[in-house]
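Encoded as structure tokens, the structure appears first; notes follow it.
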Amino acid sequence: MDTWKENNNASTVQRVIVTVVGRDRVGIIASVSNLLAESNVNVLDISQTILQDFFTMIMVVDISKAKVSLQELQLLLKSKGEEIGVQIKAQHEDIFRYMHRI
Amino acid sequence: MPIAFTPAEISETIRMIETENLDIRTITMGISLRDCAHNDVNITARKIYDKITKKAEKLVNIGEDISKELGIPIINKRISVTPISMVGESCDDLNYFLLAETLDKAAKEVGVNFIGGFSALVHKGFTRGDEELIKAIPESLKATERVCSSVNIGTTKAGINMDAVKLMGKVVKETAELTKDKDALGCAKLVVFCNVPEDNPFMAGAFHGVGEPECVINVGVSGPGVVLNAIKNHPELDFGGLANIIKKTAFKITRMGELVGREAGKRLGVPFGIVDLSLAPTPAIGDSVADILEAMGLESVGTHGTTAALAMLNDAVKKGGSMASSYVGGLSGAFIPVSEDAGMIRGVEEGSLKIDKLEAMTCVCSVGLDMIAVPGETTAETISAIIADEAAIGMINKKTTAVRIIPVPGKQVGDRVEFGGLLGSAPIMPLHPYSSAAFIKRGGRIPAPICALTN
């Protein structure tokens, strides 16, 4: 059950921030994007930097039409991260909105 | 659609949580038990159990859901209830011990780690129930695991009930004696207050005040590590600049509390009460208020300048936090529990932090002499006198002060006690050797101060 969706008007966009951090290698973006597509999660924006071989990607995604709940998505991303050797987090955007926007 | 946040902002939030120990320290559900009174104590107990387990049934699960979805740790889920002295007072048999056991059972059933409210407010005098509850504290804290107790013995408006101060010295000693197999752990769950707030979500002093609604969600945020790092990154700033950095950081921390409190309230169908924006240290390295004071430029906490540094920190935290939440309450400020703060422990062990300086520090921060272990041979009168001093500071300065002191049986200065977990460990602190017994023996009430006469 996705309580966040229920409590926050399901028809609107549900934005989640996905952050991927790890050593750079071929196919990180592809595997994460694939997983998101399979779960019907829409990618709204991507920003990516590589600093001294260290790969950081921030994705803004919409889970309002997703086949899985946020918590399920977190688990899927976590195991994908372990598989390809990076750390993947997914957090509801509210935590960033509350901290950085008035 | 553009990314709504810069990568720097996103990584700042993640860094605060992952490396600087930013967390929501507690979601505390306040539950009124006023409707549980009955003249049969067994029925009262059953009503208390039923009400708590029904109201807080989903508290822990919902807390964990929110924590996962936002990606911020919520360390504790807790409950505070109406002072039990009032709830049990109508019983023919004033069996407060049974009610303590009931609270413990209910806490275990819903999975919260502490339940606060085995409390009495006696700043002007005792009712029959107050007296019986206070008598039952030592046995209750021995027999239960999760029950926390607090007693308010003074207010700015009423003065200080010195009879209660005298009694609480004995209660603290007796609690220590009864729980001596666990290094007097019972005393870590017992707070003596002056000007106690009615909406404090932090244990051990939380209870659900009489002016509070039926049920409410209060949130306590923490984050000494975040403030510490912010200060360390700006060694060149003067105090105006430093205060600004602390305010900004406190604002960001408190926003997390506001978000979690509102979301928890919404999901539980309970009004959101307040955010308590306290800097609550933990034994984790870097999560220390003492470290913040030292980062401001003091060689060791407790040295000259410590009070000024703490005053500035406490005030800046309040200013930043009060802008970040619609409702700020509870204790709100910096906590200085000795055993729970690695920097404070170091200060005591190195001899830079002494009881007198700690007392001075409590004049300018949010609580009082907190989690202080003292020699087991300390007399009840000396403990009462320590309580009286703290209460006087609270009464005159119109602020909350508290004493959570642990006279550990069989331990002397130089020894150390381990409480484990968030309660940490404490070196035994030396006290003044001179007696206060004749002073405490007087009894009666210290009249309300002139600053109380404001009407």
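Chain A is the first sequence line, chain B the second, and so forth, proteins listed ahead of strands; every chain is numbered from 1. Model, not experiment: these values are computed from the prediction. As a basis for the values below, the full set of heavy atoms in this structure was taken, side chains included, without hydrogen atoms, waters or symmetry mates.
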Legend entry - chain A contact via M323(B) - side chain, backbone, both or neither, heavy atoms under 4.5 Å: neither
Inset, instruction - Identify whether the distance between the nearest side-chain nitrogen and carboxylate oxygen of K54(B) and E57(B) falls below 4.0 Å. - result: no
Legend entry - K318(B) and D315(B) ion-paired at < 4.0 Å: no
Inset, instruction - Please determine, among R101(A), Q74(A), H100(A), the option with the most heavy-atom pairs under 4.5 Å with chain B. - result: H100(A)
Side chains of residues 107-114 of chain B: which donor-acceptor partners sit under 3.5 Å, not counting sequence neighbours?
residue	atom	partner	partner atom	Å
K108(B)	NZ	D104(B)	OD2	3.2
K108(B)	NZ	E145(B)	OE1	3.4
N113(B)	OD1	R78(B)	NE	3.2
N113(B)	ND2	N76(B)	OD1	2.6

Legend entry - Pairs of heavy atoms under 4.5 Å with chain A: top-ranked of M16(B), E18(B), E258(B): E18(B)
Legend entry - Pairs involving residues 278-292 of chain B, ordered by first then second residue, that meet salt bridge (Lys or Arg N to Asp or Glu O under 4.0 Å) (sequence neighbours left out): R25(B)-D287(B), D291(B)-R346(B)
Legend entry - Part of I102(A) lying under 4.5 Å from any heavy atom of chain B: side chain
